[in-house]
Student: 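Just passing along the structure, written as structure tokens.
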Amino acid sequence: MTRTRILLTGAAGFIGGHIRVALDDAGFDVVAVDALLPSAHGADAEPPNGVVCADVRDLPALTALLRGVDVVCHQAAVVGAGVDAGDAPAYASHNDFGTATLLAAMRESGCSRLVLASSMVVYGEGRYRNVRGEFVTPASRRPADLDAGIFDDQDPETGEPLEWALVAEDSPLRPRSLYAASKVAQENYALAWSLSTGGSVTALRYHNVYGDHMPRNTPYAGVAAMFRSSLEAGEPPRVFEDGRQTRDFVHVHDVAAANVAAVDGALQGFSAFNVCSGQPITIGEVAATLARSYGGPAPVVTGEYRPGDVRHLVADPRSARETLGFRARIMPTEGIAAFAHAPLRNAAAAGPPRV
């Protein structure tokens, strides 16, 4: 029996490496590729065994790699919020143009199935209810309020604090960072490709991913890795705002399992799913759990803030559970405690992402 052949982009990355193992274990024939960008892998990175060094913006190379491929699992991307506006061309080139090139190569080769790594950042703000239980779009947080330690989103009509609600996949897409804008663009290109070719797209909107071999000491790393790095240096994790901002942290092993489920699911048309644990946790709780498990100093809640940060963003897991059969197995409390002692990746980023 012929095995399903999968082209996995970003295969040397944090998430891509775990997906490669999960696809191999599930019996798929995996063609693993990665551009090994210096901003993610360091200046002199060598491809891991079995990984082909290739850039998704290279149409001839991709077209050759896609021969005989049944499904593309597209993880390659420049990640992080974007440190400043000067990063914008790199995000647009690697994420937007790269995805458009990949889709063109898929059309040329006759490959009609795509599993796309998307992100929670496409939503921008989370979802909120007012005191009457009505869904409300919050007013922008004002610098004067943030300076005064007033961090909760407010009802634009009454000024009263809003309560967060679960974000479902049909929520509006309102990107607030360079990375978020590029992920929305990837989804839009994939949707247009699906409509024009009849191809299948399953977009997986990852929430806060953490786990073994997460990169450390880079401005593009996640907050869990930054807290870990502080503890390893003997310093307390520094928590912004009041620490009560809420997220959904999902372990990378579960993200890999979601990709296997998406490949197995073989859905038609364009579909998007939250990939999350379904168990909300505050950033303060993440820092405290890591510090306690590591045996390091307790977190310091700084009251500092970044103007573009989202107060609460918590995912609804139902659609992925009901349609893909995906349910996270590692809950944040136990997973984050274990992450305090997990191996991290030591590659030193060689500057910001370049075009």
Student: Give the ring-plane orientation class for Y210 versus H251, where under 30° counts as parallel, over 60° as perpendicular and anything between as tilted.
Tutor: perpendicular
Student: Looking at Q186, is its backbone amide N or carbonyl O close enough to the side chain of T99 to form a donor-acceptor pair, meaning the two atoms are under 3.5 Å apart?
Tutor: no
Student: How about S229 and E232: does a side-chain donor come under 3.5 Å of a side-chain acceptor?
Tutor: no
Student: Any luck finding a side-chain donor-acceptor pair between S118 and E187 under 3.5 Å?
Tutor: yes
Student: Within the structure provided, determine whether V33 and V51 are in side-chain contact (heavy-atom separation under 4.5 Å).
Tutor: no
Student: Judged by atom type as modelled, is there a donor-acceptor pair below 3.5 Å linking the side chain of S93 to the main-chain atoms of P89?
Tutor: no
Student: Please walk me through it: do Y305 and D147 pass side-chain hydrogen bond (donor to acceptor under 3.5 Å, both in side chains)?
Tutor: CA-CA 8 Å; Y305 64 88; D147 288 338; 2.6 Å; yes
Student: Looking at CG of L324 and OG of S271, how far apart are the two atoms once the value is rounded to the nearest 0.5 Å?
Tutor: 8.0 Å
Student: Table please: side-chain donor-acceptor pairs of residues 10-32 below 3.5 Å, with sequence neighbours left out.
Tutor:
from	atom 1	to	atom 2	distance (Å)
H18	NE2	D212	O	2.9
R20	NH1	N49	O	3.0
R20	NH2	N49	O	2.8
D29	OD2	R5	NH1	2.5

Student: Can you confirm if the NZ or CZ of R228 lies within 45° of the ring axis of F339 and under 6.0 Å from the centre of its six-membered ring?
Tutor: yes
Student: Taking the side chain as everything from C-beta on, heavy atoms only, tell me whether V263 gets closer than 4.5 Å to I6.
Tutor: yes
Student: Can a donor-acceptor pair be found between the side chains of Q279 and S277 at a distance below 3.5 Å?
Tutor: no
Student: Applying salt bridge (Lys or Arg N to Asp or Glu O under 4.0 Å), can you list everything that pairs with R327, at least two apart in sequence or on another chain?
Tutor: none
Student: Do we see a donor-acceptor contact under 3.5 Å between the side chains of S109 and R67?
Tutor: no
Student: Between D254 (side chain only) and R329 (backbone N and O only), is there a donor and an acceptor less than 3.5 Å apart?
Tutor: yes
Student: Identify the two heavy atoms, one from S293 and one from A337, that lie closest to each other, and give their separation to 0.1 Å.
Tutor: OG-O, 2.7 Å
Student: Would you confirm whether N274, through its side chain, and C276, through its main-chain N or O, come within 3.5 Å as a donor-acceptor pair?
Tutor: no
Student: At their closest point, which heavy atom of Y91 faces which heavy atom of V78, and how far apart are they?
Tutor: CE2-O, 3.5 Å
Student: Examine distances only and state if a side-chain atom of S194 and a backbone atom of A190 form a donor-acceptor pair shorter than 3.5 Å.
Tutor: no
Student: Identify the heavy atoms of A76 and T9 that sit nearest to each other, and give their distance.
Tutor: N-OG1, 3.0 Å
Student: Can you tell me if Y206 and Q75 form a side-chain donor-acceptor pair at under 3.5 Å?
Tutor: yes
Student: Check whether any side-chain heavy atom of R129 lies under 4.5 Å from a side-chain heavy atom of L162, and answer yes or no.
Tutor: no
Student: Please determine whether the number of non-hydrogen atoms from other residues, nucleotides or ligands lying under 6.0 Å from atom CD of E157 exceeds 12.
Tutor: no
Student: Quick one: side chain to side chain donor-acceptor pair (under 3.5 Å) partners of R244, sequence neighbours excluded?
Tutor: D242
Student: Got T202 and L114 here, is their nearest side-chain heavy-atom distance under 4.5 Å?
Tutor: no
Student: Would you name the heavy atoms of A298 and A291 that are closest together and state the gap between them?
Tutor: CA-CB, 4.4 Å
Student: Pick from E125, E241, E163: which one makes a salt bridge (charged side-chain N to carboxylate O under 4.0 Å, His left out) with R311?
Tutor: E241
Student: Looking at E169 and D316, what are the two nearest heavy atoms and their distance?
Tutor: OE2-O, 4.0 Å
Student: Looking at every heavy atom in both V252 and G211, which two are closest together, and how far apart are they?
Tutor: CG1-CA, 4.0 Å
Student: Indicate yes or no for a side-chain donor-acceptor contact from S230 to the backbone of M226 under 3.5 Å, with no hydrogens or angles considered.
Tutor: yes
